[in-house]
Amino acid sequence: MDYRVRLDSFEGPLDLLLHLIEKNEVDIYDIPIAVITEQYFDYLSAAEEVNLDNLAEFLVMAATLISIKTRMLFPRPDAVPPDGGEEEDDPREELVQRLLLYRKFKEVASYLASRQEGEEPRVYYREDDGRQEDTSPAEVRASLPELFRAFQAIWAEKRAKPASYVVTQADVDVGEKMKDLLYRLRQHPRGMVFQDLFTTAGSRREALVLFLALLELVRQRQVRATQDTSFGRIRVQLLD
Amino acid sequence: MLARDEIKAAIEAMLFASGEPLPLEEIARVVGIPVEDTNGILNELVLEYNKSGHGIQVVEAAAGYSLCTKDTYYQFVKAVRRRPAKKLSQAALETLAIIAYQQPVTRAEIEAIRGVRAERMLNSLLARGLIAEAGRKEVPGRPVLYVTTPEFLKLFGMTGLTDLPREDKEA
Amino acid sequence: MLARDEIKAAIEAMLFASGEPLPLEEIARVVGIPVEDTNGILNELVLEYNKSGHGIQVVEAAAGYSLCTKDTYYQFVKAVRRRPAKKLSQAALETLAIIAYQQPVTRAEIEAIRGVRAERMLNSLLARGLIAEAGRKEVPGRPVLYVTTPEFLKLFGMTGLTDLPREDKEA
């Protein structure tokens, strides 16, 4: 496989999914979920360098994809109707709606870009002439929230930098990570936020292995992952 | 007291010189005549500039009145603009697109649509003056609501949010 | 080819939207008609705007043609061009944020965090009285230490450095 695309070149998991749908020329209303999920994981593994902050977002989607795939393979038993006993919906429905909505705003974004560039009819306001600007020296204004935002921006950047790694073969294995996760979850009886599980991961590879370990624990029913709202935080908890 | 003709000229000068849209009330206060009379003069100005033969127009948006070019002549104007605004990143454009259509909108709502965290992007758009905070949503956590600013309209050459394409027109 | 009326309108739009005076030749080139004809249209525009009833005018200077307000309406223009106190730049805010949270701090420390040279920014903040020098750090080279000033507190409406927001309060 030759995926020479950087994960960073996608705006996020939805952008990557749209790319895959387009590349495979499949119907967005009838996504072959197994194929797309596989390719999605291929992208994650092929990415050479990735910002860990972003990786969490990609992994949340990976979890969603796997859950959809599972639901398509094993429809829920009729005995346990999910909410209210309606007929089982297409498990892909919600994802499709999200993709459609995101695609709409992506289109608006490129429309805005062409307006900015003057490729579409548009009005122009006066250009501030530089002459007016530097005549008044001292008066400046600023606000405390602005200062704090600047502070956060700087530190976020600083944190982001060392979090970016070129993948080296580290000796992390799934079994090790499963033990690790169980240990950490025991420290948090009320559960942990999915993203927070990854803050200790030193590399993309380690994060991936951690993710696989989590999936295995979910499969073995040692751990439960819940999400209240679509795209809300995923909470991970020990099952006793 | 100025003659009516001169008040009109003064208003034209004010619209030209102000870097931001001017609210009707402020114009009335500065020229020192009642708001209704000011409104009448502004309507005259709007009509006069709407005539062909003029390449500029007086437009009214939520924030007030301003002068801008007519969109018909965009290619000529583009050719003489000296300081093209810096291109925005795809992430910035997508975030702005969502805010423009869904405003007022919370950070969580933006994140739900884009699927990625929005905090840093919102800070940077706030710093550029393209969006502003507009109170809080009355739901648990009282999250901040974001709206676009007149600066946003200016950057994308719109006279109002109605210039945004609508679903039915597009697609 | 545009009608004469439309060329005139296009020129008006160009003069309005350009931040700098436009040379006759450039205008002619952009609208695509001979220089003499362009000159004729510009003269018409000059005369029309000179009429009373207009607060703006077309003027010709060495550098070219431009639109500006008439001197007569100076008072009105001044009233709306409330020179908005200039916003501090993002770079200045970031530098101030580092100094505020890490003070006393050396230039090298600031540069290490922001990843860019800080000398000019520090000079400008010193000149504005927002930061001050506070002795030297006892390390090789004895670099100057910077701290924020009471003026800084005033600008951000704080009564003391304890008013600085802390990370844990947010998120």
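Numbered from 1 within each chain, the chains take letters A, B, ... in sequence-line order. What you see is a predicted model; the values in this text were computed from it and never measured. Only this structure's heavy atoms are used, side chains among them; waters, hydrogens and symmetry mates stay out.
Of the two parts of C:L67, the backbone and the side chain both hold a non-hydrogen atom closer than 4.5 Å to a non-hydrogen atom of chain B. Proximity to chain B is limited to the side chain of C:E26, based on heavy atoms less than 4.5 angstrom apart.
Residue-environment remark: CG (C:D71) stays at or below the threshold of 12 foreign heavy atoms within 6.0 Å.
Considering only heavy atoms from C-beta on, B:R128 comes within 4.5 Å of B:L88 through its side chain. Within the 4.5 Å cutoff, the side chain of C:F156 has heavy atoms near those of the C:L96 side chain. Side-chain contact between B:Q103 and B:L161 is present, with heavy atoms from C-beta onward closer than 4.5 Å. Here the side chains of B:F76 and C:V31 are in contact, with some heavy-atom distance below 4.5 Å.
Among the candidates B:R81, B:K8, B:K78, the residue making the largest number of heavy-atom pairs closer than 4.5 Å to chain C is B:R81. Note on B:T69, B:I11, B:L15: by heavy-atom pairs under 4.5 Å with chain C, the leading option is B:T69.
Residues forming a side chain to side chain contact (heavy atoms under 4.5 Å, CB included) with B:T106 (at least two apart in sequence, or on another chain): B:A108, B:E109, B:K137, B:P143, B:L145.
Of residues 36-47 of chain B, no residue lies under 4.5 Å from chain C by any heavy-atom pair.
Taking the six-membered ring where the residue is Trp, C:Y49 and B:H54 present perpendicular rings, their angle passing 60° and hence far from 30°.
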- Message: Could you go through C:M14 and B:Y73, starting from their C-alpha distance and side-chain angles, then the distance that decides it, and tell me whether this counts as side chain to side chain contact (heavy atoms under 4.5 Å, CB included)?
- Response: CA-CA 8 Å; C:M14 285 155 63; B:Y73 303 106; over 6 Å; no

